[in-house]
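Just below is one structure, and these are the notes that go with it.
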Amino acid sequence: MSSTKVIVGGTIVTASDMYQADIRIENGIVAAIGSRLDAAGAEIIDAAGLYVFPGGIDPHTHLDMPFGGTVTADDFESGTIAAAFGGTTTVLDFCLTKRGEPLSEAVRTWHAKAAGKAAVDYGFHLMVADAGEQALRELPEIIGREGITSLKVFMAYKDVFQVDDGTMFRTLQLAREEGALVMVHAENGDVIDFLVEQALARGDTDPIHHALTRPPELEGEATGRAAELAGLAGAPLYVVHVTCAQAVQRIGEARARGLAVYGETCPQYLTLDISSLEKPDFEGAKYVWSPPLREREHQQVLWDALSSGTLQTVGSDQCSFHFKGQKELGRGDFSKIPNGGPTIEDRFTLLYSEGVEKGRITIHQFVDLVSTASAKLFGLFPRKGTIAVGSDADLVLFDPSAKRILSADSHHLKVDYSAFEGMEATGKPVSVLLRGQFVVRDGEFVGQAGCGRYVPRARFGARTPISVPEASAGGRGG
Ligand code: URP
Ligand code: ZN
Ligand code: ZN
């Protein structure tokens, strides 16, 4: 079969444009965009009635991640196959590190987890556990050599991942010097630890107490503190998994002061609420995330923040643990429930269905939130995150009229439940191309484990170079 393809009859949608045109793909990149393109010798793909979106970029995943004495149910193989079915062609996963362990060792470990397994392209963010001499020496080299241009600090998970404010500040300073973006899990871990201890001592051990011991005030406080320290360091900051009005307010205030503070929310916070943690028979454990699901009124605040631009991205925070045998580790003690859930596959469709279909965001905001903004923030644009001549042909052929019920019976993850079980969704990625090759075609997986490539990324604010094929200059960009 020819590796040159022409997609005909589809409606191209980017973060800024919507128009009908053909797309010619050569050598994995978009070679031309226009009407009635020459299709001689090419495979013709009919996209009539479909939107053609840039491939989704998921800026927040945890695949094959150890946590709470166990390891996520989904690894780079099952997780990225599910991502592909869901319209995501690039994932940015968190490379965890341990205090005292060389960072290069952790990066090697993460490469080994992904190589030969990933079915979509991937990059890494690097967790910073300490900002001692060794880490500060290694970081500039890893940022430059590996193209790992985003760092992660946790303000929660005391005695596991949490760092103190001094470490966070030093990381921010280094990020400013090296052109990296610091990502932060913003919750006040010290106070949470205290509240958890008190709850367990009272005998409050059910899953709902996970949420009650992590109130939104502690997310707001930590978000404000992180923004303030970023401002002082003169560094950009990206707040992951924002869940509540208190955090949105702090991000909005920082941005109004001109600080480079960005925020991400996740599909679970837009669609589920704290009542899920009260499901009987310990089922509430399926809905244990940190920060936790909130009271329903926070959802409107999050949608408004996506629509107004106070928040810039929607990441999945994919971090799945089986209900049987993994979430169950926390029976009788909610603090032992592994945190996280399965979201990588439904992120794209849920944002379309709950966002565009319900009139909460425009279709261009949708593209920006699931793809373009992450490409820009994380040094992938314009190679990825848009449909333009010279960009990677990472494309989603999306049927906006398909209706389906989300369920563990039909998802492609290994994990034994769906966080969105029974939810009706409008829209479906029908076919997905990664660098011009189908990974999903008419609802079937046709890619292979290992077809995903590692993508080194440009420094914060810089663009990835692309080259435009000569004969095609003049095609429309997005
Ligand atoms: O509950 C969550 N979010 N689990 C994944 C780890 C993290 O904090 O992002
Ligand atoms: Zn987190
Ligand atoms: Zn996470």
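Indexing begins at 1, ligand by ligand and atom by atom, following the structure's order.
- Using a 4.0 Å cut-off between charged nitrogen and carboxylate oxygen, Glu421 and Lys286 do not count as a salt-bridge pair.
- Of all atoms in ligand 1, numbered sequentially from 1 with element shown, those under 4.0 Å from a heavy atom of His185 are 8 (O).
- In this structure, the protein non-hydrogen atom closest to atom 1 (O) of ligand 1 is Ser290 N, 2.8 Å.
- Among the heteroatoms counted here (N, O or S) of His241, NE2 is the one nearest to the Zn ion (ligand 2).
- The distance from the Zn ion (ligand 3) to the nearest N/O/S atom of His62 is under 2.8 Å.
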Side chain to side chain contact (heavy atoms under 4.5 Å, CB included) assessment of Phe378 paired with Met183:
CA-CA 11 Å; Phe378 294 107; Met183 308 168 78; 3.7 Å; yes
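- The main-chain N or O of Val242 is found under 3.5 Å from a side-chain atom of Thr265 such that the two form a donor-acceptor pair.
- Each of His125, His185, His241 was evaluated against His60; a single residue qualifies, His241, per the ring pair (Phe, Tyr, Trp, His ring centres under 6.0 Å) test.
- For Ser104 and Glu138, the side-chain atoms include at least one donor-acceptor pair closer than 3.5 Å.
- In summary, the side chains of Asp164 and Thr167 do present a donor paired with an acceptor at a separation below 3.5 Å, with no hydrogens or angles considered.
- Using a 4.0 Å cut-off to heavy atoms of Trp289, the atoms of ligand 1 that qualify are 1 (O).
- His185 has its closest N, O or S atom to the Zn ion (ligand 2) at the position named ND1.
- Note: Phe323 and Tyr417 fail the aromatic proximity criterion, with ring centroids not under 6.0 Å apart.
- Its N, O or S atom nearest to the Zn ion (ligand 3) is what matters here, and for His60 that atom is NE2.
- Atoms of ligand 1 lying under 4.0 Å from any heavy atom of Cys319, numbered from 1 in the order shown and given with element: 5 (C).
- With a heavy-atom cut-off of 4.0 Å, Asp317 touches ligand 1 through its side chain alone.
- Closest N/O/S atom of Asp317 to the Zn ion (ligand 3): OD1.
- For Tyr157, the closest heavy-atom approach to ligand 1 falls below 4.0 Å.
- The N/O atoms of Asn339, backbone and side chain alike, include one that comes under 3.5 Å of an N/O atom in ligand 1.
- Other residues, nucleotides and ligands contribute only 12 or fewer heavy atoms inside 6.0 Å of the NZ atom of Lys428.
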